[in-house]
Protein chains: 2
Amino acid sequence: MTKAKYYINFKKYYVALDCVIFGFTGENLETILIKRNFQPGLGAWALPGGFIEPKESLDKASERILTTLTGLSDIYMEQFYTFGEVNRDPGARIISVGYYALIKIDDYGKELVSKHNAFRRKITNIPKLMFDHNIIFEKALEQLRIKVKNRPIGLELLPEKFTLPQLQKLYESIYLTKLDKRNFRKKILAMDIFEKQKEKDKESSKRGAFFYKFNKQEYNKLVAKGYNFEL
Amino acid sequence: MTKAKYYINFKKYYVALDCVIFGFTGENLETILIKRNFQPGLGAWALPGGFIEPKESLDKASERILTTLTGLSDIYMEQFYTFGEVNRDPGARIISVGYYALIKIDDYGKELVSKHNAFRRKITNIPKLMFDHNIIFEKALEQLRIKVKNRPIGLELLPEKFTLPQLQKLYESIYLTKLDKRNFRKKILAMDIFEKQKEKDKESSKRGAFFYKFNKQEYNKLVAKGYNFEL
DNA sequence: CCAAAAGTGTTCAGCTTACACCCATGA
DNA sequence: TCATGGGTGTAAGCTGAACACTTTTGG
């Protein structure tokens with residue numbers, strides 16, 4: 001005997017999931033938007049999203065949607081809020097769970113752009129989006145900014161080896177501020193969780209900047225001892 | 001013509017809402033649990049909750065559930081996470097949106113306890129709960145602790161007039177730590193958003209402690225100037 | 001008069017902030 | 001050789017943490 005009978009007095013609803021995908025170009029924080037070539041919202045800009053399947057958890061649904069769109073797996077993601085205004089979608093009552101994701105934008109397959117009609121946009125230049133997607137986007141950015149202060153998740157946006165100028169630009173483009181170079185480096189290096197490499201990145205300057213790697217083992221050890229990452 | 005036709009390929013689900021209600025006794029942080037006298041989960045401890053109605057937003061549903069249970073209105077509440085594991089409720093696929101609420105426990109009608117079979121429990125003494133409700137509770141507490149650091153929402157747990165020893169005990173019972181009395185007072189009073197009253201509370205000591213009031217206007221003014229509450 | 005809780009300041013260490021010049025290299 | 005971005009140190013001010021005694025008053 002199932003317990004489902006206890007619920008028959010209640011209504012069911014569509015449950016969707018919208019993803020705010022953040023990537024870092026080296027200069028700017030960007031997100032991926034869909035120019036919809038299907039209904040509803042044909043022709044409008046929208047966040048990538050989809051519906052929950054009967055046999056998948058919310059996290060799995062988010063993974064599926066992200067992998068389908070980007071071709072990447074093991075994407076860092078975080079559920080941040082659920083949107084349930086009655087008429088947020090004028091066509092039907094749809095409750096939508098918001099996730100944000102952080103990707104290494106170099107790995108993002110460009111061929112998928114044409115396939116899904118997906119485009120990258122700077123976070124400072126987001127167009128009018130379908131339904132309440134502008135609100136969803138803003139909430140995602142707000143939550144990202146909070147989280148990035150206390151966890152080293154910003155690194156999910158960078159390749160394994162990165163330079164300190166890159167890292168600084170990353171934080172500057174998340175918070176849309178300028179940071180002091182000396183103070184930033186001092187703080188980062190004092191954490192003792194970044195390892196200087198022997199090689200330099202010669203892409204962005206003649207002199208070249210040393211690569212660093214994030215030492216996750218060391219970080220986890222420190223966390224176990226009560227350490228709190230803070231930027 | 002409705003747009004609903006675009007969604008007919010997708011499944012619908014029950015959407016529920018669970019509330020973690022926090023109250024402060026003067027000594028301890030407590031929450032309200034239901035000893036279920038109905039199915040499913042008859043006899044089990046559970047968080048108060050309910051289902052979303054077709055014509056109400058998530059926030060409205062939370063308000064309804066909180067008001068029905070406590071008899072209070074204008075309750076401070078905050079959505080904190082949505083739980084969607086496939087078998088979290090073994091009887092049916094139910095996606096549940098988690099809210100936490102902060103109430104002034106003095107105002108909480110005791111007659112409602114018997115009506116809803118609701119009981120207060122210290123947060124340090126939570127029994128085994130139905131389904132994934134222990135996980136929901138823990139997440140609520142975690143989010144409360146984060147929020148309370150940066151917003152003066154702890155005051156929602158106290159009456160309009162409160163003493164500094166009360167306020168200190170409040171934070172101690174949220175974080176389950178001891179705080180230094182002098183440092184705590186210094187910090188609080190330096191904020192300039194608490195107004196000393198002429199009257200004293202003689203309840204908890206012979207000498208009596210001065211009442212204070214939170215000056216919300218002043219706080220809002222400071223916030224507009226970029227001020228950030230931080231404890 | 002005494003028990004019990006309220007109230008009060010100072011010092012030290014460590015962190016944050018502001019700030020300017022030399023270095024390495026490819027073109 | 002010069003333009004460009006990479007890399008470095010210090011001083012001043014502020015903030016957080018540690019710490020003990022006096023006051024009030026009802027019983």
Side-chain angles (χ1 to χ4, degrees), chain A residues 24-28 148-150 158-159 161-173 175 177-213 222 225-231, chain B residues 24-28 145 148-150 158-159 161-173 175-213 222 225-231:
Chain A
F24 178 62
T25 58
E27 285 300 322
N28 294 296
V148 117
K149 239 192 236 303
N150 295 297
L158 291 174
K161 293 178 184 181
F162 52 87
T163 68
L164 295 185
Q166 279 172 353
L167 188 63
Q168 183 177 343
K169 272 203 191 115
L170 169 63
Y171 283 103
E172 288 176 341
S173 67
Y175 290 111
T177 52
K178 278 276 160 204
L179 299 174
D180 181 275
K181 187 170 41 161
R182 282 179 284 194
N183 293 338
F184 180 81
R185 294 176 149 256
K186 208 187 313 168
K187 204 171 204 170
I188 291 292
L189 295 176
M191 291 179 184
D192 277 333
I193 49 178
F194 294 91
E195 287 177 347
K196 191 174 185 171
Q197 306 300 114
K198 297 217 168 61
E199 319 89 71
K200 281 184 168 185
D201 170 32
K202 309 277 278 188
E203 296 282 306
S204 61
S205 78
K206 293 159 184 170
R207 179 176 176 177
F210 280 103
F211 280 118
Y212 284 76
K213 273 190 186 176
L222 289 173
K225 287 183 200 159
Y227 171 75
N228 262 311
F229 178 95
E230 173 140 12
L231 196 108
Chain B
F24 177 63
T25 58
E27 285 300 323
N28 294 297
R145 283 174 174 154
V148 117
K149 238 189 237 299
N150 296 295
L158 291 174
K161 291 179 186 181
F162 52 87
T163 68
L164 293 185
Q166 278 172 354
L167 188 63
Q168 182 176 345
K169 273 204 190 112
L170 170 63
Y171 283 103
E172 288 176 339
S173 67
Y175 290 111
L176 302 174
T177 52
K178 278 275 160 205
L179 298 174
D180 180 275
K181 187 170 41 160
R182 281 179 284 191
N183 292 337
F184 180 80
R185 294 175 151 258
K186 209 186 311 167
K187 204 170 203 171
I188 291 293
L189 295 176
M191 292 180 185
D192 277 334
I193 49 180
F194 293 92
E195 285 177 348
K196 191 174 185 169
Q197 305 300 114
K198 295 217 169 58
E199 319 90 71
K200 279 184 170 188
D201 171 32
K202 309 278 277 185
E203 295 284 305
S204 60
S205 78
K206 293 158 183 169
R207 180 177 177 177
F210 280 104
F211 280 118
Y212 284 77
K213 272 189 186 177
L222 289 173
K225 287 183 200 160
Y227 171 75
N228 262 311
F229 178 93
E230 172 139 14
L231 197 108

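Atom set for the values below is all heavy atoms of this structure, side chains included, hydrogens, waters and symmetry mates excluded. What you are looking at is a predicted structure, and each value in this text was computed from that prediction instead of being measured. Per chain, numbering begins at 1; letters A, B, ... match sequence-line order.
Heavy atoms of other residues, nucleotides or ligands lying less than 6.0 angstrom from CD of A:Glu203 number 12 at most.
Positionally, the nearest nucleotide of DNA chain D for B:Lys181 lies more toward the 5' end than for the other of B:Lys181 and B:Lys202. Along DNA chain C, the nucleotide closest to B:Gln166 and the one closest to B:Asp180 are compared, and the more 5′ of them pairs with B:Gln166. Ranked by how close their nearest DNA chain D nucleotide is to the 5' end, A:Asn183 and A:Ala209 are led by A:Ala209.
Atom-to-atom, CZ of A:Phe210 to C1' of C:dC23 comes out at 12 Å; the value is rounded to the nearest Å. The nearest whole Å value for the distance from the CG atom in B:Asp201 to the P atom in C:dA4 is 18 Å. Rounded to whole Å, the distance from NZ on A:Lys187 to P on C:dT17 is 6 Å. Nucleotide D:dG6 holds its P atom 19 Å from the NZ atom of A:Lys186, rounded to whole Å. Following rounding to the nearest Å, B:Gln168 (CD) and C:dA6 (P) show an atom-to-atom distance of 9 Å. The distance between atom CZ of B:Phe184 and atom C1' of D:dT15, rounded to the nearest whole Å, is 17 Å. Rounded to an integer number of Å, the gap from CG of A:Leu167 to P of D:dG7 is 12 Å. Regarding B:Lys200, its NZ atom lies at a distance of 8 Å from the P atom of D:dT24, rounded to whole Å.
A sub-4.0 Å separation between OP1 or OP2 of D:dA18 and a side-chain N or O of B:Arg182 is absent.
Across all strands shown, A:Thr163 has no heavy atoms under 4.0 Å from either base or sugar-phosphate atoms.
By the 30° and 60° cut-offs, the orientation of the rings of A:Tyr171 relative to A:Phe184 is tilted.
Distances from the side chain of B:Lys206 to the nucleotides D:dT4, D:dG9, D:dG26 place D:dG26 closest.
For the pair B:Arg185/B:Leu167, no side-chain contact is recorded, criterion being any heavy-atom separation below 4.5 Å from C-beta on. With contacts defined as side-chain heavy-atom distances shorter than 4.5 Å, the pair A:Phe162/A:Asp201 does not qualify.
Below the 3.5 angstrom threshold, one finds a donor paired with an acceptor across the side chain of B:Arg207 and the base of C:dA6.
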Please step through side-chain contact (heavy atoms from CB on, under 4.5 Å) for the pair B:Thr163 and B:Gln168, ending with a clear verdict.
-> CA-CA 9 Å; B:Thr163 68; B:Gln168 182 176 345; over 6 Å; no

